[in-house]
Amino acid sequence: MTGSRRFAAGLSQHPSPAVAVGEVLGQVLDSLGPDNPPDLAFLFVTPPHAGALEDAARSVRELLRPGALLGCAAVSVVGGGREVEQSPGVSLWAGMTGPVTPFHLTAIETPDGPTVTGWPDEIEEDPSALLLLPDPFSFPADAVLHRLHQDRPRLPVVGGMASAARGPGGNRLLIDDRVVTEGAVGAFLPSTLTVTTVVSQGCRPVGLPYAVTRAQDNVVFELGGKPALERLQEVAAGATEADRRLLSQFIHIGRVIDERKVDFDRGDFLTRNVLGADPRAGAIMVNDVVEVGSTLQFQVRDAVSAGEDLTQLMGARTSEAALLFTCNGRGSQMFPTPDHDASVVSDSLGGVPLAGMFCAGELGPIGGRNFVHGFTASVVLLST
């Protein structure tokens with residue numbers, strides 16, 4: 001498919017896992033050359049090939065000889081400008097990232113909360129990013145991101161939750177020659193690699209931003225000195241007919257992460273769902289803890305706003321390669337045309353090597369802090 005001297009990617013839709021792996025290996029080796037083993041490779045497979053993940057990994061390690069191999073099974077995969085949804089697909093990405101040490105994290109419940117073990121013994125002082133592929137049923141991603149913010153506040157954490165299973169024990173995560181069914185696999189990227197992140201939550205602000213003047217936990221009682229529900233009604237009354245229709249279907253709210261900014265745009269908000277309302281109290285409930293003094297603004301999401309958001313955030317960015325972690329609720333479930341997110345990212349970057357997967361939760365930073373997102377496209381841009 002696509003490649004350069006330092007990065008390459010391949011995609012196959014062949015129904016035979018052995019043939020599919022052979023095809024992506026051929027594409028990547030044609031780009032990198034047989035005597036140029038990459039430092040890091042990612043292998044993503046859809047559920048029809050999940051049972052052959054060990055054999056696929058063995059072939060990749062024997063023929064490509066990557067320094068580290070990570071991956072997982074996902075409901076759909078990305079390769080170049082293509083998205084293979086709910087059908088046989090194998091996507092392989094490889095790059096000269098500089099040496100990395102892959103690791104497998106597991107969580108142990110204790111009286112004081114989850115304890116995560118498996119971190120590498122030595123971590124570079126200032127890695128450029130942490131790439132992480134967690135199992136959503138067994139790994140406390142929110143707690144880990146909170147702890148990482150305390151320990152390494154400037155470290156971007158990007159990746160996505162494995163999405164091939166609907167229950168505990170069903171997902172398959174890959175680290176080198178091992179397939180595991182719980183925890184998370186990942187690697188710190190070296191400081192010599194330039195990493196840029198693009199996190200598109202697919203929402204558009206409506207109305208005005210308001211300071212939270214009364215709240216408790218996830219219940220917002222007042223926005224700008226008025227009942228939160230009254231503020232929502234004001235926004236709806238002043239919205240266009242199209243936006244009122246979107247607000248009647250599903251309401252989102254964005255919380256500003258960097259309060260030092262004066263003006264707020266799409267990328268400044270952490271978007272969360274409005275779960276319900278209490279008409280008597282004039283309050284709304286959101287799936288986030290909201291503090292008094294923070295800034296909130298209602299948001300709407302549809303295919304048009306989601307497409308505009310990703311296109312705007314990609315802008316005129318450049319990179320040598322990219323990884324895309326997009327929500328399993330996007331793709332053909334959100335957009336009227338196939339391959340939407342993959343084609344936007346690929347076209348924006350001029351067709352650089354691109355791979356990725358559809359996720360059950362996406363990881364990426366907003367306003368300098370890392371979060372688990374939904375209905376989001378999280379893009380990792382890499383250059384040497």
Side-chain angles (χ1 to χ4, degrees), residues 1-11 21 24-45 53 56-72 77-80 90-105 118-133 152 155-160 173-180 184-197 318-325 349 352-357 363 378-384:
M1 275 183 57
T2 55
S4 65
R5 293 181 180 179
R6 302 191 64 83
F7 297 94
L11 176 70
V21 172
V24 296
L25 276 169
Q27 295 165 28
V28 169
L29 286 168
D30 282 347
S31 296
L32 294 180
D35 300 319
N36 200 21
D39 298 301
L40 176 63
F42 279 94
L43 179 64
F44 304 107
V45 304
L53 188 54
R58 187 179 305 112
S59 297
V60 171
R61 283 172 56 80
E62 288 178 357
L63 296 176
L64 189 60
R65 294 173 290 131
L69 176 61
L70 296 170
C72 68
V77 298
V78 172
V90 175
S91 181
L92 178 65
W93 182 97
M96 309 298 175
T97 59
V100 301
T101 301
F103 52 82
H104 173 218
L105 304 177
W119 295 103
D121 294 333
E122 295 184 5
I123 301 174
E124 185 181 358
E125 178 66 26
D126 192 21
S128 58
L130 168 59
L131 283 174
L132 202 61
L133 305 178
R152 294 176 177 266
L155 176 70
V157 182
V158 286
L173 310 175
L174 173 64
I175 173 169
D176 288 337
D177 58 355
R178 291 190 296 131
V179 172
V180 296
V185 297
F188 289 96
L189 297 181
S191 59
T192 53
L193 190 68
T194 300
V195 175
T196 304
T197 61
T318 60
S319 70
E320 293 182 56
L323 292 163
L324 169 61
F325 301 95
L349 299 174
V352 302
L354 168 67
M357 67 175 195
L363 310 181
S378 183
V379 188
V380 190
L381 308 178
L382 304 104
S383 298
T384 53

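The first residue of the sequence shown is numbered 1, and numbering continues consecutively from there.
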Please check if the side chain of [X] supplies one atom and the backbone of [Y] the other of a donor-acceptor pair under 3.5 Å.
X      : Y      : result
Thr197 : Val380 : no
Asp176 : Leu69  : yes
Thr196 : Leu381 : no
Glu124 : Ser191 : yes
Arg6   : Met96  : yes

Side-chain touch [X]/[Y], heavy atoms, less than 4.5 angstrom:
X      : Y      : value
Val78  : Phe44  : no
Leu131 : Val158 : yes
Val28  : Leu64  : yes
Arg152 : Leu130 : no
Leu363 : Phe325 : no
Leu323 : Val379 : no
Val179 : Leu173 : no
Leu40  : Leu189 : yes

N-O pairing of Asp177 and Arg58 below 4.0 Å: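 No, no charged N to carboxylate O under 4.0 Å.
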
Ignoring hydrogens, what is the shortest heavy-atom contact between [X] and [Y]? Give both atom names and the distance.
X      : Y      : answer
Met357 : Gly160 : CE-O, 3.4 Å
Ala56  : Val21  : CB-CG2, 3.5 Å
Ala94  : Leu32  : CB-CD1, 4.0 Å
Val90  : Val24  : O-CG1, 3.5 Å
Leu155 : Pro127 : CD1-O, 3.7 Å
Ser128 : Pro190 : OG-O, 2.9 Å

Roughly how far, to the nearest 0.5 Å, is [atom2] of [Y] from [atom1] of [X]?
X      : Y      : atom1 : atom2 : answer
Arg65  : Asn36  : CZ    : CG    : 9.0 Å
Leu11  : Trp93  : CG    : CH2   : 16.0 Å
Phe7   : Ser383 : CZ    : OG    : 7.0 Å
Leu382 : Glu320 : CG    : CD    : 9.0 Å
Leu53  : Arg178 : CG    : CZ    : 12.5 Å
Leu354 : Ser319 : CG    : OG    : 9.0 Å

Stepwise side-chain contact (heavy atoms from CB on, under 4.5 Å) test for Thr192 and Thr384: CA-CA 7 Å; Thr192 53; Thr384 53; over 6 Å; no

Worked check of side-chain contact (heavy atoms from CB on, under 4.5 Å) between Leu105 and Trp119: CA-CA 6 Å; Leu105 304 177; Trp119 295 103; 3.6 Å; yes

Stepwise side-chain contact (heavy atoms from CB on, under 4.5 Å) test for Val60 and Leu92: CA-CA 9 Å; Val60 171; Leu92 178 65; 4.2 Å; yes

